[in-house]
Amino acid sequence: MKIATWNVNSIRTRLEQVANWLTENPVDVLCAQETKVVDADFPMAAFTDLGYTCYVSGQKSYNGVALISKTPLESVSCGFEPVLGGAIATPFDDQKRVITGVLDGIRIVNLYVPNGSSVGSDKYTYKLNWLAVLREYLAKLLEENPKLLVCGDFNVALEDRDIHDPTGREKEVMATDAERQALRAILDLGLADAFRKFNQEDGQFSWWDYRAAAFRRNLGWRIDHHYLSPPLYAEAKSCIIDKAPRKLEKPSDHTPVIVEL
DNA sequence: ATGGCGGGTCTAACCCGA
């Protein structure tokens with residue numbers, strides 16, 4: 001089974017690229033983030049034409065996540081509320097950042113973690129609070145789903161080798177100790193980075209700024225991840241970053257990461 | 001860099017991303 005995560009930065013603007021990529025890379029499930037479209041306007045036909053079923057949780061202009069699956073999924077839900085209840089979840093479910101479903105006994109969670117804007121801002125606080133709620137959400141899911149795959153755009157680079165230049169990282173959003181500790185607290189539930197099972201090199205990135213020719217100069221960050229519970233980590237066969245889509249005209253600033261189980 | 005690019009939409013002295 002192959003599962004990909006890709007922040008597409010608008011599913012409508014990127015539709016042709018995503019459909020072409022799926023044709024050439026017919027993964028079982030594509031977990032997309034930043035779809036930036038309300039559910040009624042999601043371009044489902046392009047994917048049904050390829051034999052895929054779409055499960056979407058979107059909003060106008062911002063955020064939005066989708067599961068695009070070759071086989072229909074079971075037990076699909078959106079947001080934190082179905083798992084955590086309204087008291088904890090409601091303040092966070094306005095922003096559409098979470099969708100999950102089950103395929104062959106594997107629960108797949110597709111996330112778009114808040115960016116955080118700048119260190120010390122209200123959005124930075126929101127990000128840390130959101131990650132704390134995510135920990136509770138995943139703890140509940142792990143109780144019922146020993147085979148858990150959590151993927152998406154985490155907007156956190158866990159280690160210095162995941163950043164082209166870690167100098168001054170403590171002042172930069174996505175790399176502060178508080179963000180890393182929030183993510184580590186989640187991984188301590190029993191999740192491990194699929195990519196690092198196979199690749200220990202630095203200079204391995206999944207996002208490059210549109211500006212300053214960052215992609216050409218490989219000035220990137222590795223912030224898109226697949227985290228696996230122990231039985232899935234043990235059976236994982238590969239995890240690769242496909243840089244090809246980032247080389248196209250008008251690309252997303254992220255590129256797909258694919259795990260094979 | 002007082003964000004250089006590129007999405008979005010209230011098409012702007014706009015907002016947001018990462």
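Letters A, B, ... mirror the listed sequences (proteins, then strands); counts begin at 1. In what follows, every heavy atom counts, from backbone to side chain, and hydrogens, waters and symmetry copies are set aside.
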Under 4.0 Å, heavy atoms only, any strand: does [X] hit a base, just the sugar-phosphate, or nothing?
| X | answer |
| --- | --- |
| A:Glu172 | nothing |
| A:Tyr112 | sugar-phosphate |
| A:Asn63 | nothing |
| A:Asp209 | base |

Answer yes if the side chains of [X] and [Y] hold a donor-acceptor pair under 3.5 Å, and no otherwise.
| X | Y | result |
| --- | --- | --- |
| A:Tyr210 | A:Asn9 | yes |
| A:Asp242 | A:Trp21 | yes |
| A:Arg169 | A:Thr176 | no |

Could you give the distance separating [M] and [N] at their [atom1] atoms, to the nearest angstrom?
| N | M | atom1 | value |
| --- | --- | --- | --- |
| B:dA1 | B:dA13 | P | 26 Å |
| B:dT11 | B:dG6 | C1' | 15 Å |
| B:dC14 | B:dG4 | P | 12 Å |
| B:dA18 | B:dG8 | C1' | 16 Å |
| B:dC16 | B:dT9 | P | 15 Å |
| B:dC10 | B:dC15 | C1' | 10 Å |

| query | Only one of A:Thr35, A:Asn155, A:Asp153 forms a side-chain hydrogen bond (donor to acceptor under 3.5 Å, both in side chains) with A:Asn7, so which one is it? | reply | A:Asp153
| Taking the six-membered ring of A:Tyr233, is NZ or CZ of A:Lys197 closer than 6.0 Å to its centre and within 45° of its axis? | yes
| said: What is the first contacted nucleotide of DNA chain B and what is the last, in 5' to 3' order, if contact means an atom lying under 4.0 angstrom from a heavy atom of chain A? | reply: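 The contacted stretch runs from B:dG3 to B:dA18.
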| Which other residues end up in the same hydrophobic cluster as A:Phe205, if Ile, Leu, Val, Met, Phe, Trp and Tyr are linked when side-chain heavy atoms come under 4.5 Å apart? | A:Trp208, A:Phe215
| Does any nucleotide pair with B:dT9 by Watson-Crick or G-U wobble geometry, both distances under 3.5 Å, and what is it? |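 Matched B:dT9 with nothing under the 3.5 Å cut-off.
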| field | First encountered from the 5' end of DNA chain B, between A:Lys123 and A:Lys60 | value |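 In this pair, the answer is A:Lys60.
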| Closest-nucleotide 5' rank along DNA chain B - winner of A:Trp221 and A:Arg217 |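 Of the two residues, A:Arg217 wins.
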| Would A:Phe154 and A:Trp221 count as a close aromatic pair, with their ring centres under 6.0 Å? | no
